[in-house]
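Some notes on the structure that comes next.
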Amino acid sequence: MVPPGTLGHLTLQGLPQGARVTLNGMPFRGSQGDLPPATYRLAVRAPGFEPYDRQVVITPGTPSTVRVELQPGSGEGGSNAGPCEQYGPAYNQDNLCFDTRPVPLSLTRIPVSSDATIFPRQPSC
């Protein structure tokens, strides 16, 4: 009997260099990791290969191995390019193009103290 809350282990074989892997739209780093038991949508995107999608079932306490067999194709720049390979309306649509969301290096607003007598003026031409 497996105790409640036991994780399953997923191993991916055959990932090409530079492949971007997501499970249910969330980034999956490396080729293996522990996951809560569930059914996941595995998506692999790699330059020069057709997109790879399949369902993966993770069971508690059981290792699962998936052999990723990518088909050569247009990959980057083609009509089947992933959402992070080509800028346009679909770019970063599912928020999966970054490991962590980008943050500004400085404040995006300039604070004005409440006792300021003059607010910024429109430039005169």
Please test Thr65 against Gln32 for side-chain contact (heavy atoms from CB on, under 4.5 Å), starting from the C-alpha separation and ending with a verdict.
-> CA-CA 9 Å; Thr65 301; Gln32 57 182 321; over 6 Å; no
Test Val21 against Leu42 for side-chain contact (heavy atoms from CB on, under 4.5 Å), laying out the working first.
-> CA-CA 7 Å; Val21 180; Leu42 169 68; 3.7 Å; yes
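Annotation: salt bridge (Lys or Arg N to Asp or Glu O under 4.0 Å) contacts of Asp53 (sequence neighbours excluded): Arg41, Arg45. In this structure, the side chain to side chain contact (heavy atoms under 4.5 Å, CB included) partners of Leu35, at least two apart in sequence or on a different chain, are Leu10, Leu23, Phe28, Tyr40, Ile58.
One finds the OH atom of Tyr52 at 10.0 Å from the CD atom of Gln71 (value rounded to the nearest 0.5 Å).
The minimum heavy-atom distance linking Leu70 with Glu50 is given by the pair CD2-O, 4.1 Å.
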Do any side-chain atoms of residues 12-19 form donor-acceptor pairs under 3.5 angstrom with protein atoms, and if so which ones, sequence neighbours left out?
none

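Inter-residue side-chain proximity for Val44 and Arg20 is flagged as unmet; no heavy-atom pair is nearer than 4.5 Å.
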